Number of protein chains: 2
Amino acid sequence: MAVKGDETRARLIDAARTLVEARGYFGVGLNQVLEAGKAPRGSLYHHFPGGKDQLTAEALTASGQEIDALIRSLADAVPDTRTLIESILDALADRMEGAEYAKGCPIATVALEVAATNDSLQKVCADTYGGWQQALADRLVADGRTHDQAEDLACSLLALIEGALVLARAQRSRTPIDRARRSAVILLNA
Amino acid sequence: MAVKGDETRARLIDAARTLVEARGYFGVGLNQVLEAGKAPRGSLYHHFPGGKDQLTAEALTASGQEIDALIRSLADAVPDTRTLIESILDALADRMEGAEYAKGCPIATVALEVAATNDSLQKVCADTYGGWQQALADRLVADGRTHDQAEDLACSLLALIEGALVLARAQRSRTPIDRARRSAVILLNA
DNA sequence: CGAAATATGTAGATCGGTCTATTAGGAGAC
DNA sequence: GTCTCCTAATAGACCGATCTACATATTTCG
(Lines give C-alpha, C1' and ligand atoms only; values in the text may rest on other atoms or scores of the structure.)
Protein backbone atom coordinates (compact mmCIF):
# COMPACT_ATOMS: atom_id res chain seq x y z
CA MET A 1 0.00 0.00 0.00
CA ALA A 2 3.07 2.18 -0.04
CA VAL A 3 2.26 3.38 -3.54
CA LYS A 4 -1.27 4.54 -2.83
CA GLY A 5 -0.18 6.26 0.35
CA ASP A 6 2.53 8.14 -1.47
CA GLU A 7 0.03 9.31 -4.05
CA THR A 8 -2.25 10.75 -1.38
CA ARG A 9 0.72 12.45 0.21
CA ALA A 10 1.69 13.95 -3.11
CA ARG A 11 -1.84 15.12 -3.82
CA LEU A 12 -1.97 16.91 -0.50
CA ILE A 13 1.35 18.64 -1.13
CA ASP A 14 0.26 19.65 -4.60
CA ALA A 15 -2.99 21.08 -3.30
CA ALA A 16 -1.18 22.93 -0.55
CA ARG A 17 1.35 24.34 -3.03
CA THR A 18 -1.32 25.84 -5.25
CA LEU A 19 -3.51 27.17 -2.46
CA VAL A 20 -0.69 28.57 -0.34
CA GLU A 21 0.87 30.33 -3.30
CA ALA A 22 -2.47 31.95 -4.05
CA ARG A 23 -3.54 32.94 -0.54
CA GLY A 24 -0.67 32.43 1.87
CA TYR A 25 -0.26 30.45 5.06
CA PHE A 26 -3.04 31.98 7.12
CA GLY A 27 -5.33 32.31 4.12
CA VAL A 28 -5.57 28.57 3.51
CA GLY A 29 -7.51 26.25 5.76
CA LEU A 30 -6.81 22.55 6.04
CA ASN A 31 -10.36 21.85 4.92
CA GLN A 32 -9.58 23.52 1.60
CA VAL A 33 -6.43 21.49 1.19
CA LEU A 34 -8.25 18.27 2.02
CA GLU A 35 -11.00 19.02 -0.44
CA ALA A 36 -8.59 19.98 -3.22
CA GLY A 37 -6.39 16.99 -2.47
CA LYS A 38 -9.35 14.62 -2.19
CA ALA A 39 -8.22 13.13 1.07
CA PRO A 40 -9.85 12.66 4.46
CA ARG A 41 -8.60 14.34 7.57
CA GLY A 42 -7.05 11.20 8.98
CA SER A 43 -4.76 10.84 5.99
CA LEU A 44 -3.38 14.31 6.45
CA TYR A 45 -2.27 13.70 10.01
CA HIS A 46 -1.04 10.26 9.09
CA HIS A 47 1.28 11.61 6.39
CA PHE A 48 2.04 14.92 8.13
CA PRO A 49 2.05 14.34 11.88
CA GLY A 50 3.48 17.84 12.25
CA GLY A 51 0.18 19.25 11.01
CA LYS A 52 -0.24 22.42 9.01
CA ASP A 53 3.29 23.63 9.58
CA GLN A 54 4.84 20.44 8.26
CA LEU A 55 2.53 20.35 5.25
CA THR A 56 3.30 23.97 4.45
CA ALA A 57 7.03 23.46 4.91
CA GLU A 58 7.04 20.52 2.53
CA ALA A 59 4.93 22.42 0.01
CA LEU A 60 7.31 25.38 0.11
CA THR A 61 10.33 23.10 -0.20
CA ALA A 62 8.87 21.35 -3.24
CA SER A 63 8.05 24.63 -4.96
CA GLY A 64 11.46 25.99 -4.07
CA GLN A 65 13.24 23.01 -5.57
CA GLU A 66 11.19 23.30 -8.74
CA ILE A 67 12.32 26.89 -9.25
CA ASP A 68 15.88 25.92 -8.38
CA ALA A 69 15.79 23.22 -11.03
CA LEU A 70 14.28 25.67 -13.51
CA ILE A 71 17.11 28.13 -12.98
CA ARG A 72 19.82 25.50 -13.26
CA SER A 73 18.36 23.78 -16.31
CA LEU A 74 17.84 27.10 -18.08
CA ALA A 75 21.39 28.04 -17.17
CA ASP A 76 22.61 25.00 -19.06
CA ALA A 77 20.30 25.51 -22.02
CA VAL A 78 20.98 29.15 -22.71
CA PRO A 79 23.97 30.92 -24.30
CA ASP A 80 24.50 33.78 -21.87
CA THR A 81 23.39 35.04 -18.49
CA ARG A 82 21.35 37.84 -19.96
CA THR A 83 19.21 35.29 -21.76
CA LEU A 84 18.97 33.27 -18.57
CA ILE A 85 17.48 36.16 -16.59
CA GLU A 86 15.18 37.12 -19.43
CA SER A 87 13.96 33.54 -19.75
CA ILE A 88 13.27 33.28 -16.03
CA LEU A 89 11.27 36.48 -16.01
CA ASP A 90 9.36 35.53 -19.14
CA ALA A 91 8.50 32.15 -17.67
CA LEU A 92 7.33 33.69 -14.39
CA ALA A 93 5.26 36.33 -16.13
CA ASP A 94 3.58 33.75 -18.34
CA ARG A 95 2.87 31.55 -15.36
CA MET A 96 1.36 34.47 -13.46
CA GLU A 97 -0.83 35.62 -16.31
CA GLY A 98 -1.91 32.05 -17.05
CA ALA A 99 -3.13 31.72 -13.47
CA GLU A 100 -4.90 35.08 -13.52
CA TYR A 101 -2.53 36.38 -10.87
CA ALA A 102 -3.14 33.54 -8.45
CA LYS A 103 0.51 32.57 -8.90
CA GLY A 104 3.64 34.61 -8.37
CA CYS A 105 6.49 33.66 -6.10
CA PRO A 106 5.48 30.49 -4.25
CA ILE A 107 7.51 31.54 -1.21
CA ALA A 108 7.06 35.27 -0.81
CA THR A 109 3.58 35.42 0.72
CA VAL A 110 4.38 32.94 3.45
CA ALA A 111 7.80 34.50 3.98
CA LEU A 112 6.20 37.85 4.75
CA GLU A 113 3.41 36.39 6.88
CA VAL A 114 5.67 34.39 9.15
CA ALA A 115 8.92 36.37 9.06
CA ALA A 116 8.71 37.40 12.68
CA THR A 117 6.48 34.77 14.24
CA ASN A 118 7.14 31.24 12.97
CA ASP A 119 10.77 30.24 13.18
CA SER A 120 10.57 26.91 11.39
CA LEU A 121 8.75 28.25 8.35
CA GLN A 122 10.90 31.36 8.29
CA LYS A 123 13.93 29.13 8.06
CA VAL A 124 12.46 27.21 5.13
CA CYS A 125 11.83 30.48 3.29
CA ALA A 126 15.29 31.81 4.04
CA ASP A 127 16.97 28.63 2.86
CA THR A 128 14.91 28.53 -0.31
CA TYR A 129 15.87 32.07 -1.24
CA GLY A 130 19.47 31.24 -0.38
CA GLY A 131 19.38 28.34 -2.81
CA TRP A 132 18.01 30.44 -5.65
CA GLN A 133 20.61 33.12 -5.03
CA GLN A 134 23.31 30.47 -5.09
CA ALA A 135 22.03 29.10 -8.40
CA LEU A 136 22.28 32.55 -9.93
CA ALA A 137 25.66 33.22 -8.35
CA ASP A 138 27.05 29.95 -9.73
CA ARG A 139 26.25 31.11 -13.21
CA LEU A 140 27.78 34.53 -12.59
CA VAL A 141 30.99 32.93 -11.31
CA ALA A 142 31.05 30.83 -14.47
CA ASP A 143 30.97 34.13 -16.35
CA GLY A 144 34.22 35.08 -14.68
CA ARG A 145 33.00 37.19 -11.79
CA THR A 146 34.54 36.91 -8.36
CA HIS A 147 32.67 35.14 -5.63
CA ASP A 148 31.77 38.38 -3.86
CA GLN A 149 30.69 40.14 -7.03
CA ALA A 150 28.55 37.18 -8.00
CA GLU A 151 26.84 37.01 -4.62
CA ASP A 152 26.09 40.72 -4.61
CA LEU A 153 24.71 40.76 -8.11
CA ALA A 154 22.74 37.56 -7.66
CA CYS A 155 21.09 39.03 -4.58
CA SER A 156 20.12 42.21 -6.39
CA LEU A 157 18.82 40.33 -9.40
CA LEU A 158 16.75 38.13 -7.12
CA ALA A 159 15.40 41.21 -5.35
CA LEU A 160 14.51 42.77 -8.68
CA ILE A 161 12.69 39.62 -9.74
CA GLU A 162 10.85 39.21 -6.44
CA GLY A 163 9.84 42.84 -6.38
CA ALA A 164 8.60 42.70 -9.94
CA LEU A 165 6.46 39.70 -9.03
CA VAL A 166 4.98 41.57 -6.08
CA LEU A 167 4.13 44.63 -8.17
CA ALA A 168 2.81 42.56 -11.04
CA ARG A 169 0.44 40.62 -8.81
CA ALA A 170 -0.64 43.71 -6.92
CA GLN A 171 -1.44 45.56 -10.13
CA ARG A 172 -2.55 42.53 -12.10
CA SER A 173 -0.26 43.42 -14.96
CA ARG A 174 2.89 41.94 -16.39
CA THR A 175 4.32 45.38 -17.09
CA PRO A 176 6.50 45.50 -13.94
CA ILE A 177 8.08 42.21 -14.96
CA ASP A 178 8.84 43.44 -18.45
CA ARG A 179 10.39 46.59 -17.03
CA ALA A 180 12.46 44.63 -14.54
CA ARG A 181 13.68 42.55 -17.45
CA ARG A 182 15.28 45.58 -19.06
CA SER A 183 16.76 46.75 -15.78
CA ALA A 184 18.23 43.34 -15.09
CA VAL A 185 20.14 43.56 -18.34
CA ILE A 186 21.55 46.91 -17.25
CA LEU A 187 22.75 45.42 -13.97
CA LEU A 188 24.35 42.50 -15.79
CA ASN A 189 26.23 44.80 -18.16
CA ALA A 190 27.44 47.18 -15.47
CA MET B 1 -18.05 63.21 21.49
CA ALA B 2 -16.65 63.60 18.02
CA VAL B 3 -13.17 63.92 19.44
CA LYS B 4 -13.22 60.79 21.55
CA GLY B 5 -14.80 58.83 18.75
CA ASP B 6 -12.13 59.91 16.33
CA GLU B 7 -9.46 58.85 18.76
CA THR B 8 -10.91 55.36 19.03
CA ARG B 9 -11.10 55.18 15.27
CA ALA B 10 -7.48 56.23 14.97
CA ARG B 11 -6.35 53.74 17.60
CA LEU B 12 -8.04 50.92 15.70
CA ILE B 13 -6.41 51.93 12.45
CA ASP B 14 -3.02 52.20 14.10
CA ALA B 15 -3.39 48.78 15.67
CA ALA B 16 -4.49 47.30 12.37
CA ARG B 17 -1.57 48.90 10.56
CA THR B 18 1.01 47.36 12.85
CA LEU B 19 -0.58 43.94 13.05
CA VAL B 20 -1.40 43.63 9.35
CA GLU B 21 2.10 44.67 8.35
CA ALA B 22 3.51 41.99 10.62
CA ARG B 23 1.17 39.10 9.79
CA GLY B 24 -0.98 40.01 6.81
CA TYR B 25 -4.70 40.16 6.23
CA PHE B 26 -5.64 36.59 7.09
CA GLY B 27 -3.10 36.40 9.89
CA VAL B 28 -4.74 39.08 11.99
CA GLY B 29 -8.00 38.57 13.82
CA LEU B 30 -10.30 41.38 14.80
CA ASN B 31 -9.93 40.35 18.43
CA GLN B 32 -6.23 41.13 18.23
CA VAL B 33 -6.94 44.50 16.69
CA LEU B 34 -9.54 45.30 19.34
CA GLU B 35 -7.20 44.33 22.15
CA ALA B 36 -4.28 46.29 20.73
CA GLY B 37 -6.54 49.26 20.01
CA LYS B 38 -8.25 49.05 23.40
CA ALA B 39 -11.74 49.21 21.98
CA PRO B 40 -14.79 47.00 22.31
CA ARG B 41 -16.25 45.16 19.37
CA GLY B 42 -19.19 47.50 19.05
CA SER B 43 -16.93 50.45 18.40
CA LEU B 44 -15.27 48.69 15.52
CA TYR B 45 -18.49 48.14 13.63
CA HIS B 46 -19.67 51.61 14.51
CA HIS B 47 -16.61 53.25 12.99
CA PHE B 48 -16.09 50.67 10.25
CA PRO B 49 -19.48 49.39 9.14
CA GLY B 50 -17.71 47.65 6.27
CA GLY B 51 -16.04 45.33 8.77
CA LYS B 52 -12.59 43.86 8.43
CA ASP B 53 -12.20 44.79 4.78
CA GLN B 54 -12.89 48.45 5.42
CA LEU B 55 -10.58 48.56 8.42
CA THR B 56 -7.81 46.88 6.44
CA ALA B 57 -8.33 49.16 3.48
CA GLU B 58 -8.07 52.26 5.64
CA ALA B 59 -5.00 50.89 7.41
CA LEU B 60 -3.30 50.19 4.08
CA THR B 61 -4.23 53.61 2.76
CA ALA B 62 -2.83 55.34 5.83
CA SER B 63 0.43 53.42 5.64
CA GLY B 64 0.63 54.07 1.93
CA GLN B 65 0.20 57.78 2.36
CA GLU B 66 2.87 57.84 5.04
CA ILE B 67 5.40 56.28 2.69
CA ASP B 68 4.27 58.59 -0.10
CA ALA B 69 4.87 61.57 2.15
CA LEU B 70 8.26 60.19 3.16
CA ILE B 71 9.36 59.89 -0.45
CA ARG B 72 8.17 63.35 -1.36
CA SER B 73 9.61 65.06 1.69
CA LEU B 74 12.96 63.31 1.26
CA ALA B 75 12.91 64.29 -2.39
CA ASP B 76 12.75 67.93 -1.34
CA ALA B 77 15.36 67.60 1.37
CA VAL B 78 18.05 65.81 -0.57
CA PRO B 79 20.49 67.05 -3.22
CA ASP B 80 20.18 64.31 -5.82
CA THR B 81 18.09 61.29 -6.70
CA ARG B 82 20.84 58.87 -5.78
CA THR B 83 20.74 60.19 -2.24
CA LEU B 84 16.96 59.97 -2.27
CA ILE B 85 16.95 56.27 -3.06
CA GLU B 86 19.72 55.57 -0.59
CA SER B 87 17.87 57.45 2.13
CA ILE B 88 14.66 55.55 1.48
CA LEU B 89 16.41 52.20 1.66
CA ASP B 90 18.34 53.17 4.77
CA ALA B 91 15.16 54.31 6.47
CA LEU B 92 13.33 51.11 5.54
CA ALA B 93 16.20 48.90 6.67
CA ASP B 94 16.45 50.70 10.02
CA ARG B 95 12.73 50.44 10.51
CA MET B 96 12.79 46.72 9.74
CA GLU B 97 15.69 45.96 12.03
CA GLY B 98 14.21 48.10 14.78
CA ALA B 99 11.03 46.03 14.66
CA GLU B 100 12.94 42.73 14.59
CA TYR B 101 11.63 42.01 11.11
CA ALA B 102 7.98 42.49 12.02
CA LYS B 103 7.93 45.47 9.65
CA GLY B 104 8.81 45.63 5.98
CA CYS B 105 6.52 46.90 3.28
CA PRO B 106 3.13 47.64 4.87
CA ILE B 107 1.35 46.72 1.64
CA ALA B 108 3.15 43.74 0.18
CA THR B 109 1.86 40.94 2.40
CA VAL B 110 -1.78 41.86 1.89
CA ALA B 111 -1.18 42.52 -1.80
CA LEU B 112 0.06 38.97 -2.28
CA GLU B 113 -2.61 37.39 -0.11
CA VAL B 114 -5.54 39.02 -1.87
CA ALA B 115 -4.20 39.58 -5.39
CA ALA B 116 -6.58 37.11 -6.97
CA THR B 117 -9.45 36.91 -4.53
CA ASN B 118 -10.42 40.28 -3.02
CA ASP B 119 -11.01 42.95 -5.61
CA SER B 120 -11.50 45.92 -3.30
CA LEU B 121 -8.30 45.34 -1.32
CA GLN B 122 -6.37 44.48 -4.47
CA LYS B 123 -7.36 47.84 -5.86
CA VAL B 124 -6.13 49.64 -2.74
CA CYS B 125 -2.78 47.88 -3.03
CA ALA B 126 -2.47 48.62 -6.74
CA ASP B 127 -3.28 52.30 -6.24
CA THR B 128 -0.83 52.61 -3.38
CA TYR B 129 2.00 51.16 -5.43
CA GLY B 130 0.97 53.41 -8.29
CA GLY B 131 1.28 56.44 -6.05
CA TRP B 132 4.75 55.50 -4.86
CA GLN B 133 5.88 54.88 -8.40
CA GLN B 134 4.52 58.27 -9.39
CA ALA B 135 6.37 59.98 -6.54
CA LEU B 136 9.64 58.47 -7.75
CA ALA B 137 8.86 59.23 -11.38
CA ASP B 138 8.16 62.88 -10.55
CA ARG B 139 11.64 63.23 -9.16
CA LEU B 140 13.17 61.49 -12.18
CA VAL B 141 11.33 63.84 -14.52
CA ALA B 142 12.70 66.74 -12.50
CA ASP B 143 16.13 65.29 -13.23
CA GLY B 144 15.45 65.76 -16.92
CA ARG B 145 14.26 62.32 -17.91
CA THR B 146 11.35 61.84 -20.27
CA HIS B 147 8.01 60.73 -18.94
CA ASP B 148 8.43 57.22 -20.30
CA GLN B 149 11.98 56.83 -19.08
CA ALA B 150 10.98 58.06 -15.64
CA GLU B 151 8.06 55.65 -15.39
CA ASP B 152 10.16 52.69 -16.46
CA LEU B 153 12.98 53.47 -14.09
CA ALA B 154 10.69 54.30 -11.20
CA CYS B 155 8.96 50.96 -11.61
CA SER B 156 12.23 49.05 -11.62
CA LEU B 157 13.54 50.96 -8.62
CA LEU B 158 10.34 50.22 -6.75
CA ALA B 159 10.61 46.54 -7.69
CA LEU B 160 14.19 46.47 -6.47
CA ILE B 161 13.17 48.05 -3.18
CA GLU B 162 10.17 45.78 -2.68
CA GLY B 163 12.16 42.69 -3.51
CA ALA B 164 14.94 43.69 -1.15
CA LEU B 165 12.38 44.09 1.61
CA VAL B 166 11.00 40.62 0.93
CA LEU B 167 14.43 39.00 0.98
CA ALA B 168 15.54 40.94 4.03
CA ARG B 169 12.50 39.89 6.04
CA ALA B 170 12.68 36.31 4.84
CA GLN B 171 16.34 36.03 5.81
CA ARG B 172 16.16 38.35 8.79
CA SER B 173 19.11 40.35 7.55
CA ARG B 174 19.55 43.84 6.16
CA THR B 175 22.16 42.61 3.69
CA PRO B 176 19.76 42.37 0.72
CA ILE B 177 18.74 45.98 1.29
CA ASP B 178 22.33 47.16 1.36
CA ARG B 179 23.06 45.27 -1.83
CA ALA B 180 19.96 46.66 -3.52
CA ARG B 181 21.19 50.11 -2.54
CA ARG B 182 24.31 49.70 -4.62
CA SER B 183 22.37 48.27 -7.55
CA ALA B 184 19.89 51.12 -7.45
CA VAL B 185 22.75 53.55 -7.95
CA ILE B 186 23.86 51.59 -11.00
CA LEU B 187 20.37 51.81 -12.48
CA LEU B 188 20.25 55.55 -11.81
CA ASN B 189 23.58 56.14 -13.53
CA ALA B 190 22.79 54.01 -16.58
C1' DC C 1 -33.68 65.08 24.74
C1' DG C 2 -31.22 62.85 20.88
C1' DA C 3 -27.45 61.29 18.47
C1' DA C 4 -22.81 59.43 18.78
C1' DA C 5 -20.13 56.21 20.83
C1' DT C 6 -19.22 52.50 23.86
C1' DA C 7 -19.89 48.06 25.86
C1' DT C 8 -21.06 43.29 25.79
C1' DG C 9 -23.46 39.08 24.46
C1' DT C 10 -24.07 35.87 21.22
C1' DA C 11 -24.85 33.56 16.67
C1' DG C 12 -23.09 30.57 13.23
C1' DA C 13 -19.30 29.10 10.83
C1' DT C 14 -14.76 27.47 10.52
C1' DC C 15 -10.33 26.80 12.47
C1' DG C 16 -6.40 23.18 13.57
C1' DG C 17 -6.00 19.08 15.86
C1' DT C 18 -7.17 14.51 18.10
C1' DC C 19 -9.67 10.45 18.46
C1' DT C 20 -11.52 5.83 17.39
C1' DA C 21 -12.95 2.64 13.73
C1' DT C 22 -12.62 0.51 9.56
C1' DT C 23 -10.44 -0.87 5.26
C1' DA C 24 -6.82 -2.43 2.32
C1' DG C 25 -2.82 -4.86 0.85
C1' DG C 26 1.64 -6.98 1.23
C1' DA C 27 4.72 -10.47 3.91
C1' DG C 28 5.32 -14.87 5.68
C1' DA C 29 3.78 -19.69 7.09
C1' DC C 30 2.54 -23.87 5.33
C1' DG D 1 -1.45 -21.05 -4.15
C1' DT D 2 -3.95 -19.23 -0.27
C1' DC D 3 -4.78 -18.17 4.29
C1' DT D 4 -3.61 -15.36 8.19
C1' DC D 5 -1.84 -11.54 10.32
C1' DC D 6 -0.12 -6.95 10.89
C1' DT D 7 0.50 -2.43 9.69
C1' DA D 8 -0.22 1.38 6.52
C1' DA D 9 -3.82 4.09 5.18
C1' DT D 10 -8.39 5.87 4.98
C1' DA D 11 -12.58 7.61 6.94
C1' DG D 12 -15.06 10.82 9.47
C1' DA D 13 -16.97 12.16 13.99
C1' DC D 14 -15.74 15.28 17.41
C1' DC D 15 -13.21 18.80 20.43
C1' DG D 16 -12.36 23.43 22.20
C1' DA D 17 -10.95 27.65 20.39
C1' DT D 18 -11.42 31.36 17.42
C1' DC D 19 -13.31 33.74 13.63
C1' DT D 20 -16.43 37.72 11.61
C1' DA D 21 -20.48 39.76 12.13
C1' DC D 22 -24.65 41.33 14.23
C1' DA D 23 -27.97 42.63 18.05
C1' DT D 24 -29.05 44.82 22.04
C1' DA D 25 -28.37 47.75 25.77
C1' DT D 26 -25.99 51.46 28.16
C1' DT D 27 -23.25 55.50 28.51
C1' DT D 28 -21.63 59.98 27.07
C1' DC D 29 -21.94 64.60 25.61
C1' DG D 30 -23.57 68.57 22.60
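Quick caveat, the model's predicted, so the values are computed rather than measured. Just so we're on the same page: letters track the sequence lines, and every chain starts at 1.
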*Asks:* Side chain of B:P40: nearest nucleotide among C:dT6, D:dT20, D:dA9?
*Replies:* C:dT6
*Asks:* What is the distance, rounded to the nearest whole Å, between atom CG of B:L34 and atom C1' of C:dT6?
*Replies:* 12 Å
*Asks:* Of the non-hydrogen atoms in B:L112 and A:R169, which two are nearest, and what is the gap between them?
*Replies:* O-NH2, 3.6 Å
*Asks:* ring-ring contact (aromatic ring centres under 6.0 Å, His included): which pairs involve residues 108-142 of chain A, sequence neighbours left out?
*Replies:* A:Y129-A:W132
*Asks:* Listed in order of residue number, which residues of residues 24-33 of chain A have a non-hydrogen atom at under 4.0 Å from DNA chain C?
*Replies:* A:V28, A:G29, A:L30, A:N31
*Asks:* Is the phosphate of C:dA5 approached by B:H46 (side-chain N or O, under 4.0 Å from OP1 or OP2)?
*Replies:* yes
*Asks:* Just how far, in rounded Å, is P of D:dC19 from CG of B:D53?
*Replies:* 16 Å
*Asks:* Contact class for A:G51 vs. all strands (heavy atom < 4.0 Å): base, sugar-phosphate, or nothing?
*Replies:* sugar-phosphate
*Asks:* Please determine if A:R72 and A:D76 form a salt bridge, counting it only when a charged side-chain N lies under 4.0 Å from a carboxylate O.
*Replies:* no
*Asks:* Determine: side-chain N/O of A:H47 to OP1/OP2 of D:dA8, distance under 4.0 Å, yes or no.
*Replies:* no
*Asks:* Side chain of B:R41 only, please: which of C:dT8, C:dG16, C:dA4 is the nearest?
*Replies:* C:dT8
*Asks:* Can a side chain N or O of A:T8 be found less than 4.0 Å away from OP1 or OP2 on D:dT10?
*Replies:* yes
*Asks:* In whole angstrom, what separates B:R23's CZ from D:dC19's P?
*Replies:* 9 Å
*Asks:* Tell me: OH of B:Y45 to P of C:dT10, nearest whole Å?
*Replies:* 18 Å
